[in-house]
Amino acid sequence: MAQIVATTRSIQSTLLCPTSGSANERARNLLKPPTFSSKVFSSNGINKCPQDAFRSCRINARKSASVEVIPVSAEDDPKIEEQLRGVPQLLDASNGMWSKPTFRRKTKIVCTIGPSTNTKEMIWKLAEAGMNVARLNMSHGDHASHQKVIDLVKEYNAQAKDNVIAIMLDTKGPEVRSGDLPQPIMLSTGQEFTFTIQRGVGTAECVSVNYDDFVNDVEPGDMLLVDGGMMSLMVKSKTEDSVKCEVVDGGELKSRRHLNVRGKSATLPSITEKDWDDIKFGVDNQVDFYAVSFVKSAEVVHELKNYLKNSGTDIHVIVKIESADSIPNLHSIITASDGAMVARGDLGAELPIEEVPLLQEEIINLCRSMGKAVIVATNMLESMIVHPTPTRAEVSDIAIAVREGSDAIMLSGETAHGKYPLKAVKVMHTVALRTEATIPGGQMPPNIGQVFKNHMSEMFAYHATMMSNTLGTATVVFTRTGFMGILLSHYRPSGTIFAFTDDKRVQQRLALYQGVCPIYMGFCDDSEATFRRALDLLKNQGMVKEGEEVALVQSGRQPIWRSQTTHNIQVRKV
């Protein structure tokens with residue numbers, strides 16, 4: 001095997017070209033940026049970068065061939081990767097250069113498991129279609145039904161050779177819901193209707209709520225939303241135990257409907273007694289992630305992490321940003337967590353809906369700048385719960401989340417109780433893959449160095465990313481904690497990150513992170529023997545080709561086959 005060991009100094013001088021600014025900056029000064037359409041669909045070729053734009057760097061660049069627009073549908077999925085070979089991936093938006101196309105989807109897919117998908121056959125098919133994380137929604141089902149799903153996912157992971165599925169437990173949180181009704185009732189605009197904290201009330205004029213402080217939390221003039229806005233009522237007056245409303249937007253009211261007050265959050269604790277029971281259930285089953293609902297402050301995250309530490313388990317905490325009270329504390333909440341979920345349903349109910357896309361972008365950028373995972377959720381393919389094809393707006397919604405840099409995109413009712421769960425996953429897969437083929441490489445998250453400034457590994461992750469983007473290489477990393485794989489993921493290298501680990505839990509956890517292909521493999525004392533085994537495995541499984549170059553990174557918090565003070569990057573030919 002050919003081997004090149006790149007030291008810090010040589011990487012800096014070779015890749016950064018400090019004598020006259022970065023290559024990207026110089027290219028921007030020399031070339032007028034082409035439009036998006038001309039980059040992807042032009043049949044006349046693209047501008048060549050001047051020879052002096054990159055010094056001492058080998059660039060795999062070629063002119064784009066004439067290509068057709070790829071239809072995005074579930075039926076096209078088996079052909080998508082072959083078709084994408086005609087659509088080169090952007091290296092840099094400013095200089096119009098192409099790198100080697102990458103066909104492995106980088107953005108991960110979270111699927112909620114429910115009645116439509118809780119069998120062995122369906123979980124296997126979801127995994128084959130593109131599921132990376134199985135989500136358990138603790139708002140529905142019981143521990144016995146969720147135990148069945150956990151056991152099936154673990155069975156799949158034990159049998160699968162080149163894939164792994166992580167498990168995410170999503171807590172119910174302090175939801176405010178209406179009570180039971182003997183039958184659905186129709187509410188008409190202008191009609192008076194009452195909510196009461198008295199238990200067991202369910203008539204055509206009045207229904208119970210499950211929250212004793214409901215009367216104290218609302219005031220006359222507040223807008224009450226049912227199921228995120230499917231119906232709305234204006235609060236007119238209140239007594240000690242009831243709230244009288246006028247129906248603004250009518251509809252059919254069923255039992256146990258979710259209630260929100262526009263611009264306000266309930267004064268309930270973020271983690272309820274039921275949530276603690278579910279969290280203990282997750283500890284017993286060694287799930288990979290908790291998604292904690294309605295987090296309003298960092299104290300909630302610290303409380304949960306202390307509990308997990310005392311329980312002797314390492315489960316990562318994803319905070320769901322879905323309440324109005326969480327927005328002022330966004331920075332401290334995400335700092336305390338391991339990642340965030342943009343839960344757009346309740347977020348759009350408690351805040352004006354026009355704020356949701358702006359908050360989505362802000363949360364994604366904040367998570368990326370802080371080195372945290374981020375998931376975009378809710379209504380991504382809502383129409384596919386009942387229809388076999390998505391709306392065009394839903395397709396654009398997925399593409400926007402991918403282009404904004406989300407680690408993962410999530411399906412809820414689409415896979416939990418929808419009619420077309422497999423088609424929904426395939427559509428999400430093809431849209432994400434097609435969108436990724438047009439994303440310019442080499443973009444670095446802003447200020448990520450400030451988060452990891454105490455670690456030499458941050459600098460090596462930066463240079464490994466530059467190497468991937470300029471040489472068109474995949475990156476190989478060996479990790480026992482997952483730290484280096486996660487760090488590389490946040491830099492978004494253009495090539496796949498093959499993260500080898502000898503810990504099954506770490507392999508499963510890495511399944512959430514953008515661009516990371518986690519592989520379980522035992523390590524031996526001989527580093528060279530381990531490197532050879534890893535590259536042989538990649539070649540035998542068709543993940544890399546013979547003669548292809550890969551960047552091998554040895555860095556991170558926990559040294560493997562190196563001293564604490566030694567870090568290096570090698571370029572090896574398979």
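All residue numbers refer to positions in the sequence shown, counting from 1. Just so it is clear, the model here is predicted, and its values are computed rather than measured. When reading the values below, keep in mind they use all heavy atoms of this one structure, side chains included, and skip hydrogens, waters and symmetry mates.
Closest non-hydrogen pair, Arg492 versus Ser406, comes out as NH2-C, 4.1 Å. For the residue pair Met131 and Cys111, the shortest heavy atom distance occurs at SD-CB, 3.5 Å. Here the closest non-hydrogen pair linking Asn157 and Lys504 is O-NZ, 4.0 Å. Shown here for Met122 and Pro421, the closest heavy-atom pair between the two residues is CE-CG, 3.8 Å. When all heavy atoms of Val431 and Ala399 are compared, the closest pair comes out as CG1-N, 4.1 Å. When all heavy atoms of Thr335 and His331 are compared, the closest pair comes out as OG1-O, 2.7 Å.
No side-chain heavy atom of Val506 sits under 4.5 Å from any side-chain heavy atom of Thr481. Counting only heavy atoms from C-beta outward, the side chains of Phe289 and Ile167 never approach each other to under 4.5 Å. Within the 4.5 Å cutoff, the side chain of Met341 has no heavy atoms near those of the Val319 side chain. Ile334 has its side chain within reach of Leu366: a pair of non-hydrogen atoms, C-beta onward, lies under 4.5 Å apart. For the pair Ile375/Met168, a side-chain contact is recorded, criterion being any heavy-atom separation below 4.5 Å from C-beta on. The closest side-chain heavy-atom distance from Val550 to Thr475 is not below 4.5 Å. At a threshold of 4.5 Å between non-hydrogen side-chain atoms, the residues Leu136 and Asp170 do not count as touching. Annotation: side chain of Ile333 is in contact with side chain of Ile321 (closest heavy-atom distance under 4.5 Å).
Under 3.5 Å, the side chains of Thr438 and Arg403 contain a donor-acceptor pair of N or O atoms.
The main-chain N or O of Ala461 is found under 3.5 Å from a side-chain atom of Thr465 such that the two form a donor-acceptor pair. Proximity of a side-chain donor or acceptor of Gln159 to a complementary backbone N or O of Tyr156 within less than 3.5 Å is not detected. Arg105 places a side-chain N or O within 3.5 Å of a backbone atom of Gly130 that can act as its donor or acceptor partner. At least one donor-acceptor pair under 3.5 Å links the side chain of Glu414 to the backbone N or O of Leu381. In terms of modelled atom types and a separation under 3.5 Å, the side chain of Ser311 and the main chain of Thr313 share no donor-acceptor contact. Looking only at distances, a side-chain donor or acceptor of Thr415 sits under 3.5 Å from a matching main-chain atom of Thr112. Although no hydrogens or angles enter the test, the distance criterion places a donor-acceptor pair under 3.5 Å between the side chain of Asn469 and the main chain of Ser494. Checking side-chain atoms of Arg344 against main-chain N and O of Thr378 turns up a donor-acceptor pair under 3.5 Å. In this structure a side-chain-to-backbone donor-acceptor pair under 3.5 Å is present from Asp407 to Val374. The closest donor-acceptor contact from the side chain of Asn132 to the backbone of Lys108 lies at 3.5 Å or more, if one exists at all.
For Asp288, the salt bridge (Lys or Arg N to Asp or Glu O under 4.0 Å) partners are Arg505, not counting sequence neighbours. Looking at residues two or more places apart in sequence or on another chain, you find a salt bridge (Lys or Arg N to Asp or Glu O under 4.0 Å) between Asp314 and Arg509.
Under the 4.0 Å criterion applied to side-chain N and carboxylate O atoms, Glu361 and Arg368 are not assigned as salt-bridge partners. Look at Asp151 and Lys120 and you find no salt bridge, because none of the NZ, NE, NH1 or NH2 atoms lies under 4.0 Å from a carboxylate O. Under 4.0 Å is where a charged nitrogen must lie from a carboxylate oxygen, and between Arg480 and Asp502 at least one such pair does.
Within the model, atoms CE of Met543 and CZ of Phe498 stand 6.0 Å from one another, a figure rounded to the nearest 0.5 Å. Interatomic distance, Leu471 CG to Glu548 CD, rounded to the nearest 0.5 Å: 11.5 Å.
Note: Phe523 and Phe500 fail the aromatic proximity criterion, with ring centroids not under 6.0 Å apart.
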Are Ile398 and Thr435 close enough, and set up right, to give a side-chain contact (heavy atoms from CB on, under 4.5 Å), and what steps lead you there?
CA-CA 9 Å; Ile398 294 171; Thr435 304; 6.0 Å; no

